[in-house]
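One-based numbering, in listed order, for ligands and for the atoms of each.
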Amino acid sequence: MGERWAGSTRKARLPRDWHKIRLRILERDGYRCHVCGGPGADGVDHVIPGDDHSDANLKAIHHHVAPCHLRKTAADRPRVGRPPERHPGLI
Ligand SMILES: [Zn+2]
């Protein structure tokens with residue numbers, strides 16, 4: 001067991017029984033997305049991004065069916081290495 005992924009925080013490591021946890025969270029939350037409040041959530045989100053896979057840190061979210069997860073993940077990510085958008089023609 002080495003920490004081969006050390007340094008790569010882009011993708012959080014998921015536990016082996018993730019599919020079970022995921023289903024449990026989805027059922028707990030009634031498949032209701034915690035971002036937009038709509039039904040039909042098909043994914044589970046880490047409220048605080050990282051390796052905390054406890055129930056308290058997991059909530060149902062729209063993953064494939066709506067961009068809720070993408071939006072939240074983009075908002076969570078610190079803006080490092082991503083220069084602000086510029087429109088040279090407007091300067
Ligand atoms: Zn949603």
Side-chain angles (χ1 to χ4, degrees):
M1 290 259 293
E3 284 295 310
R4 260 185 290 171
W5 288 25
S8 172
T9 51
R10 284 204 88 122
K11 194 168 182 123
R13 283 161 289 183
L14 297 176
R16 280 178 64 194
D17 57 346
W18 175 244
H19 61 285
K20 280 189 211 161
I21 297 172
R22 187 179 161 280
L23 192 62
R24 194 176 72 225
I25 300 300
L26 284 171
E27 290 187 342
R28 182 199 68 183
D29 291 353
Y31 293 83
R32 193 165 286 273
C33 171
H34 82 98
V35 173
C36 70
D42 63 335
V44 168
D45 177 49
H46 289 79
V47 178
I48 299 166
D51 289 338
D52 181 3
H53 307 301
S54 64
D55 286 21
N57 192 44
L58 298 170
K59 286 187 176 178
I61 196 169
H62 288 128
H63 184 61
H64 290 295
V65 296
C68 299
H69 204 178
L70 273 177
R71 265 192 224 135
K72 179 171 180 297
T73 304
D76 287 339
R77 195 169 292 152
R79 294 188 187 180
V80 173
R82 194 176 157 191
E85 277 182 47
R86 289 188 184 200
H87 300 273
L90 295 176
I91 293 172

request  = Rounded to the nearest 0.5 Å, what's the gap from NZ on Lys59 to CZ on Arg32? Could you check?
outcome  = 14.0 Å
key: Summary of salt bridge (Lys or Arg N to Asp or Glu O under 4.0 Å) pairs that have at least one residue in residues 36-49, sequence neighbours excluded   = Asp45-Lys72
task = Is it possible for you to say whether Trp18 and Ile61 belong to one hydrophobic cluster, with membership spreading through side-chain heavy-atom contacts below 4.5 Å?
result = no
request  = State the OH-CD1 distance between Tyr31 and Ile25, to the nearest 0.5 angstrom.
outcome  = 11.0 Å
query = Any chance the side chains of His53 and His46 put a donor and an acceptor closer than 3.5 Å?
reply = yes
query = Hey, any chance Val44 and Leu23 share a hydrophobic cluster, counting ILVMFWY side chains that come within less than 4.5 Å of each other, even indirectly?
reply = yes
message = Suppose the cut-off is 2.8 Å; which protein N/O/S atoms would you list for the Zn ion (ligand 1)?
response = Cys33 SG, Cys36 SG, His62 ND1, Cys68 SG
